[in-house]
Every structure is written in C-alpha cells, then in structure tokens.
Amino acid sequence: MARILIVEDEVDIRDVVAFNLRQAGHAVIVATRGRQALDKLAEKPALVILDLMLPDMSGIEICKTIKHTPQTANIPVLMLTARGEEIDRVVGFEVGADDYIVKPFSMRELLLRVGAILRRAGAAPAKTRGVIELGDLKIDVDAHRVWIGVQEVELTALEFRLLMTFYERRDRVQSRATLLDDVWGVSPDLVTRTVDTHVKRLREKLGNTELIETVRGVGYRLTIAGS
C-alpha cells in the first residue's frame, strides 16, 4: 500500500491512527515534533497526516515548507486538528493542504479521506493536453501552469484538478456531491464545506468572480463567453 507519515504529539491519537492505518495495509512513519517531521520527509512518504498544533512549530509552517520545497511539493497533506473554524481551513488550503479533518473524527472517515487522497495522487493525468486559451484564462495542462492575462496564478495540485474538472465540463453545472466524488474521491454523504472553501480560494486566485458561477441550490459551473 502506501508509506504514511503521521505528525501528531498526542500519543493516544497518534497510536490509534497508526494502528488503523497499519490494519489497512499501510506502512507508518511517526513524528511528534515539526522539525522531526521535516527530517522524516527523507523517507519519501506518499502522504502526510499533519496536526495543526505542535510543540515546536505550527502545522501551517510545516505544510508551507513541504509545499514550497521542490523535492516534497507533490506530497499530499491531510491536516488533522481540533480547530474547525473556517479561517483555519482557508489558511490550511491556502498553503497547500489537500484536505482537512477536525477532531474528534471517526476512523472510518479518516480512512476514507486517506484512500481518496492516495487515489488522487496516483490518478492518471487529465485527458486534455497542451495549452488551453479561453478568454483571459490560459492553462498549460502538461506543465500544470495557469495564467489570467499575463499574470501567472499559483495553484495547488488539488486546485488545478478542480479547475480542469470545471474546464472539462464547462457550461455544465457540477453539484457539490459530484465534485466531492470526482475531484476529492470522498463520499458525498460526508458533511463538509470542502468544495465551497476550495471554490472560494480558486476564485480569489483567478481574480475573476464571474469565471466560476454559483448556481444557487445546485452547485457551480465554469462559463466563459465565446468558449
């Protein structure tokens, strides 16, 4: 299966998460401090489960370091924390976290999210290739680069996947449940605002609130005049 790094200083939580991941067939690496976690990245984990509150440094700082270092930038990060306010989720996603789960949580949900992240990380690239130009939006699919006009926009891997899903299905409404299933690989039965938070961040980064339209009570769609 996968090698997973757990960064958690609470021994009870760390042990139960490690036990369940091993039961699911994964290899587990453990770190109790942020700097120790950064050293453990040399073991090339396929996923980092990262507590937000650690004794020596914050999970936000660790996530930022992971995502801004070329050798580790593609490692998915699942944030695990007792803090569930929207601002914490937004900051976590802003620095590149791939998902966010709030304590207390069920092991079933954690394992589902871990499985979904690992599937996304190993998923085949998008069918569309080359450079896409629609209005002011330009996407280099192979290089995973995006521009609005002449300004390059830095997107996380998950934000890029979300944008490509909207592009592939442009002018068609995508429900939150559909996006959770197809982009995140998470059961639409789970109660989460992950989709809304990511769409909000994607809009802000693209600087165009009209590009991704909200269809009230249904979901979202990407609409570009003349596309």
Side-chain angles (χ1 to χ4, degrees), residues 47 63 66-68 70 73-79 86 89-100 112-113 115-190 192-227:
L47 168 66
C63 185
I66 291 171
K67 294 300 183 178
H68 289 188
N74 291 327
I75 299 176
V77 175
L78 169 61
M79 283 197 167
E86 181 176 359
R89 295 197 302 274
V90 169
V91 171
F93 290 138
E94 185 174 21
V95 298
D98 294 81
D99 206 349
Y100 198 110
L112 284 171
R113 288 177 182 269
I117 293 171
L118 293 174
R119 285 194 299 275
R120 290 201 306 269
K127 292 179 289 185
T128 303
R129 313 302 298 175
V131 177
I132 300 163
E133 293 192 49
L134 293 171
D136 291 336
L137 176 66
K138 178 181 176 182
I139 306 171
D140 187 330
V141 180
D142 299 317
H144 281 220
R145 299 176 69 184
V146 176
W147 294 262
I148 291 292
V150 297
Q151 182 68 42
E152 184 167 2
V153 181
E154 292 189 12
L155 300 183
T156 66
L158 197 144
E159 288 166 346
F160 186 86
R161 184 179 178 88
L162 179 61
L163 177 60
M164 286 304 302
T165 298
F166 279 129
Y167 167 74
E168 295 282 1
R169 305 169 186 178
R170 59 194 178 279
D171 295 321
R172 287 182 285 162
V173 179
Q174 302 302 305
S175 70
R176 290 171 178 83
T178 296
L179 292 170
L180 272 176
D181 190 26
D182 295 347
V183 178
W184 278 264
V186 173
S187 168
D189 295 334
L190 295 176
T192 175
R193 294 191 62 194
T194 293
V195 174
D196 296 330
T197 302
H198 272 84
V199 169
K200 178 182 177 183
R201 290 299 308 154
L202 184 57
R203 280 172 167 161
E204 290 174 352
K205 287 188 175 184
L206 295 178
N208 187 339
T209 57
E210 298 179 356
L211 190 63
I212 301 173
E213 176 187 1
T214 298
V215 180
R216 194 171 300 278
V218 183
Y220 301 97
R221 69 178 163 215
L222 183 146
T223 305
I224 301 177
S227 62

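- Formation of a donor-acceptor pair under 3.5 Å by the Arg161 side chain with backbone atoms of Leu158 is not found in this model.
- Nearest heavy atoms, Pro76 versus Ile117: CB-CG2, 3.3 Å.
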For the pair Thr197 and Tyr100, evaluate side-chain contact (heavy atoms from CB on, under 4.5 Å) and give the outcome as yes or no after the intermediate values.
-> CA-CA 11 Å; Thr197 302; Tyr100 198 110; over 6 Å; no
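- In terms of modelled atom types and a separation under 3.5 Å, the side chain of Arg221 and the main chain of Val215 share no donor-acceptor contact.
- Listed by chain and residue number, Glu152 satisfy the side chain to side chain donor-acceptor pair (under 3.5 Å) test with Arg145 (two or more places apart in sequence, or in another chain).
- With rounding to the nearest 0.5 angstrom, the CG atom of Leu211 is 9.5 Å from the CG atom of Asp136.
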Step by step, work out the side-chain contact (heavy atoms from CB on, under 4.5 Å) result for Leu206 and Val146.
-> CA-CA 9 Å; Leu206 295 178; Val146 176; 4.1 Å; yes
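- In this structure, CG on Leu202 lies 8.5 Å from OG1 on Thr156, to the nearest 0.5 angstrom.
- Phe160 pairs by the ring pair (Phe, Tyr, Trp, His ring centres under 6.0 Å) definition with His144, not counting sequence neighbours.
- The shortest heavy-atom contact between Ala97 and Cys63 is N-SG, 3.7 Å.
- The closest side-chain heavy-atom distance from Leu134 to Tyr167 is below 4.5 Å.
- The line from OG1 of Thr223 to CG of Asp171 is 5.0 Å long, rounded to the nearest 0.5 Å.
- The side-chain contact (heavy atoms from CB on, under 4.5 Å) test with Lys205 singles out one residue from Ile148, Leu163, Val153, and that residue is Val153.
- With rounding to the nearest 0.5 angstrom, the CG atom of Leu222 is 10.5 Å from the CE atom of Met164.
- Atoms NE2 and CG, from His198 and Leu162 in turn, are 7.5 Å apart once rounded to the nearest 0.5 Å.
- By the side chain to side chain contact (heavy atoms under 4.5 Å, CB included) test, Glu133 pairs with Val131, Lys138, sequence neighbours left out.
- Lys67 is linked by a side chain to side chain donor-acceptor pair (under 3.5 Å) to Asp98, counting only residues two or more places apart in sequence or in another chain.
- With sequence neighbours excluded, the residues forming a side chain to side chain contact (heavy atoms under 4.5 Å, CB included) with Arg172 are Arg169, Gln174, listed by chain and number.
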